[in-house]
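Quick caveat: nothing in here was measured; it's all calculated off a predicted structure. A note on names: the letters A, B, ... follow the listed sequences, proteins ahead of strands, and every chain is numbered from 1.
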2 protein chains.
Amino acid sequence: MNQQDGDEKMSIREIAQKAGVSVSTVSRALNGYSDVSMETRKRVMEVAREFNYFPNAIARGLVLRKTHMIGLFFGDRINSGFDDPMYQEVISAIRIEAGKSGRDLLIFANSNKELSTYTSLSKERGVDGVFLILNREEKLKKDQIRELEKSGIPCVSINFQLQGDRCTYVESNNYQGTKDAVTHLIRLGHKRIAFIGGDIYGKAGVDRLNGYKDALLEAGLAYDERLVEFCYFTNKGARDAAIKLQERADNITGIFVASDRMAVIVIDTLRERGLFVPSDISVVGFDDIAVAERSNPALTTVRQQRYEMGRLATEFLNRMIDDPDCRPEPTTLQCELVIRNSTASIRV
Amino acid sequence: MNQQDGDEKMSIREIAQKAGVSVSTVSRALNGYSDVSMETRKRVMEVAREFNYFPNAIARGLVLRKTHMIGLFFGDRINSGFDDPMYQEVISAIRIEAGKSGRDLLIFANSNKELSTYTSLSKERGVDGVFLILNREEKLKKDQIRELEKSGIPCVSINFQLQGDRCTYVESNNYQGTKDAVTHLIRLGHKRIAFIGGDIYGKAGVDRLNGYKDALLEAGLAYDERLVEFCYFTNKGARDAAIKLQERADNITGIFVASDRMAVIVIDTLRERGLFVPSDISVVGFDDIAVAERSNPALTTVRQQRYEMGRLATEFLNRMIDDPDCRPEPTTLQCELVIRNSTASIRV
DNA sequence: TTGTAGGCGTTATCAT
DNA sequence: ATGATAACGCCTACAA
């Protein structure tokens, strides 16, 4: 009705009409097929531009079975996804890298679908592939994960294991990172070193515990169960763990904590109880998020390559999407120990 | 081909067949229409569950013209979206609240579409509404924003103005927040107070500058242009601004900085130049992100209601999507001055 | 209460 | 080089 602007509904049909060609010719011209005359193509492109026409991605997705959308599953509010500074940067990298290859991101958010699974949700939305960024969910939703592994949907996870023909994962070297951290404490003269882990159910958790054990072993230090606590990456968990540890085992002089967020809470808790870091106790964290550098004392921690994790994960997913037979090897990224002021030589 | 599991393609047709009814009956049964017998409905639902059937959202979107997806436009890498801790929490809130009303989030990421606009991208994907979380883009992409305002697409922006029948926005009270911060400095005895703004082009920037000016005015202090600097919320910008200010105007004893991230850099820069906070200079930031509390000295700052911004924005967008005639009033949320250790009484 | 048929906007196949 | 036409999976008149 409106002859001024190319607004409102503009379908391929109107473009065809305005350009005086058939619908299929428009499609071919716009999609860069070769079997269309220069002249026609030019005219079609002009009309399309003039009326500000872009093909409807929904209709296209229906027939092509490809949406150029990548799905993103997060864990719960506290532990991952948008709310964890560590994963935020991974996601940010994913967004940028996925964008470079012409894809958008679909964040699965709908919480009214109790019966749905990762697989059914992915199929409903028709995403070309998915990222899994979870934490405790890997234990809680084991069945869903198995289903997804077998679904044939290209899938990459961060910091936990996924196995299947069309799955792979990118992780940090949690073993080495933890071992380096604990060895650092040992070199500073610490012998009673505690371990506060996030969880013990996934590969990452196990790797970290093993890194801790092996560091002790190599230094000829005995492994003592009473020095080990787990909590689900929550503030309260960290606090309780610190207290429990301190009540259960005295003369602890060093603590490895599985995340910077928890490490900071541990330091607060110790301080409340009259123990100062690093003069009384040394603390080393994990992740190297922004607060680590700024907190007081500045945190000694294990840096994960956040951007690279996201970049590589995206590269892997892209490859799997583009080639059905490709299954990139799971990859482990090195961590780097960043020494700041929360660790010090043991007092003599 | 596979008679064991309900995997692979399951369309409404197969369900209809298995249930011994027509396609339309399945559709009606699953969508809770009343004109279908209890018996039939039950059978259909059973078959659907058994074969793990969920209607394809793409096909559905095509015919219904509703995707239950909400689009999200971010600014560039540095300033907003996933990379700014302040906006991350807003986005997190959006995700949760949108999820409650049964919608998923589409993050526009594709960077190979130079010719596209917010409007064309939104129409292509068929999102039901969009959020705009920008910063400097509001200046750079003015035309696109105008187009979007007129497009009829429900749209809510955060911390900047949007006008149109189907647009609204949620902002912080940037004027009052800034005024409170500067007044706080004045009460501490400061008279030479500088202002480092993020930008001056949007309403938020202007409001903050006005808050600064009015605080001075009410205290009978003169406004001095040489005490005002702008930078685009970048680390380098903050650093340069601090240096410029210090070289241009001596005896500054207080600085208002438009974001915590910049405030922290300003403090670093001053320290490098032999000026200590708060003993030599008081600094107050904006946002109250996580580092503010932990940084050294802990930052006095203006807290924005991040979760509430996201929640309210989502509520507004939901309303506009559900009711074409609804246009929620733009809303301004109060800020709270959080006093910590980066501000102190002026030395006598 | 149920089935039939048309259409949502696009691409792909097959003619021409 | 171009044009009909049949999908893609679903919903919704309309008819029965």
[X] side chain to [Y] backbone, donor-acceptor under 3.5 Å:
X	Y	result
A:Arg43	A:Gly20	no
A:Thr168	A:Pro328	yes
B:Gln161	B:Lys203	no
B:Asp128	B:Thr67	yes

Any side-chain heavy-atom pair of B:Arg28 and B:Asp35 under 4.5 Å = yes
remark   = For B:Ser111, the side chain to side chain contact (heavy atoms under 4.5 Å, CB included) test, sequence neighbours excluded, returns A:Lys100
request  = Name all residues meeting the side chain to side chain donor-acceptor pair (under 3.5 Å) criterion together with A:Ser116; count only those two or more places apart in sequence or in a different chain, and write none if there are none.
outcome  = none
key: Residues that B:Arg13 engages under side chain to side chain donor-acceptor pair (under 3.5 Å), provided they are two or more places apart   = none
request  = Please figure out whether B:Arg65 or B:Ser34 has its closest DNA chain C nucleotide nearer the 5' end.
outcome  =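 The residue closer to the strand's 5' end, by nearest nucleotide, is B:Ser34.
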inquiry  = I'd like the 5' and 3' limits of the part of DNA chain C contacted by chain B, with heavy-atom contacts below 4.0 Å.
reply    = C:dT1 to C:dG9
Strictly by modelled atom types, are [X] and [Y] linked by a side-chain donor-acceptor pair under 3.5 Å?
X	Y	answer
A:Ser27	A:Ser24	no
A:Thr40	A:Ser37	yes
A:Thr117	A:Glu147	yes

Residues from [range] lying under 4.0 Å of DNA chain C - heavy atoms:
range	result
residues 22-32 of chain B	B:Ser22, B:Ser24, B:Thr25, B:Arg28
residues 101-115 of chain B	none
residues 55-64 of chain A	A:Pro55, A:Asn56, A:Ala59, A:Arg60, A:Val63, A:Leu64

key: Salt-bridge criterion met for B:Glu124 and B:Lys113 (N-O under 4.0 Å)   =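 Here B:Glu124 pairs with B:Lys113 in a salt bridge, since their nearest N and O are under 4.0 Å apart.
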Ion pair check, B:Asp104 and A:Arg125, cut-off under 4.0 Å = yes
inquiry  = Just to verify, what does B:Phe73 make a ring-ring contact (aromatic ring centres under 6.0 Å, His included) with, not counting sequence neighbours?
reply    =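 Checked B:Phe73 against ring-ring contact (aromatic ring centres under 6.0 Å, His included); matches are B:Phe108, B:Tyr118.
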request  = Could I get the full list of ring-ring contact (aromatic ring centres under 6.0 Å, His included) partners for A:Tyr201, not counting sequence neighbours?
outcome  = none
Without placing hydrogens or testing angles, list every side-chain donor-acceptor pair under 3.5 Å for residues 310-319 of chain A, not counting sequence neighbours.
{"unit_1": "A:Arg311", "atom_1": "NE", "unit_2": "A:Glu308", "atom_2": "OE1", "d": "3.0"}
{"unit_1": "A:Arg311", "atom_1": "NH1", "unit_2": "A:Glu315", "atom_2": "OE1", "d": "2.9"}
{"unit_1": "A:Arg311", "atom_1": "NH2", "unit_2": "A:Glu308", "atom_2": "OE2", "d": "3.0"}
{"unit_1": "A:Thr314", "atom_1": "OG1", "unit_2": "A:Gly310", "atom_2": "O", "d": "2.7"}
{"unit_1": "A:Glu315", "atom_1": "OE2", "unit_2": "A:Arg319", "atom_2": "NH1", "d": "2.7"}
{"unit_1": "A:Asn318", "atom_1": "OD1", "unit_2": "A:Arg103", "atom_2": "NE", "d": "3.1"}
{"unit_1": "A:Asn318", "atom_1": "OD1", "unit_2": "A:Arg103", "atom_2": "NH2", "d": "3.2"}
{"unit_1": "A:Asn318", "atom_1": "ND2", "unit_2": "A:Ser101", "atom_2": "OG", "d": "3.0"}
{"unit_1": "A:Asn318", "atom_1": "ND2", "unit_2": "A:Thr314", "atom_2": "O", "d": "3.4"}

message = Based on the rotation axes of five pairs at each end, what angle does the helix from C:dT1-D:dA16 to C:dT16-D:dA1 bend through, to 10°?
response = 40°
query = What is the 5' to 3' range of DNA chain D, first to last nucleotide, that sits under 4.0 Å from any heavy atom of chain A?
reply = D:dA1 to D:dG9
ask   = Between atom CZ of A:Arg166 and atom CD of A:Glu149, what is the distance when rounded to the nearest 0.5 Å?
value = 14.0 Å
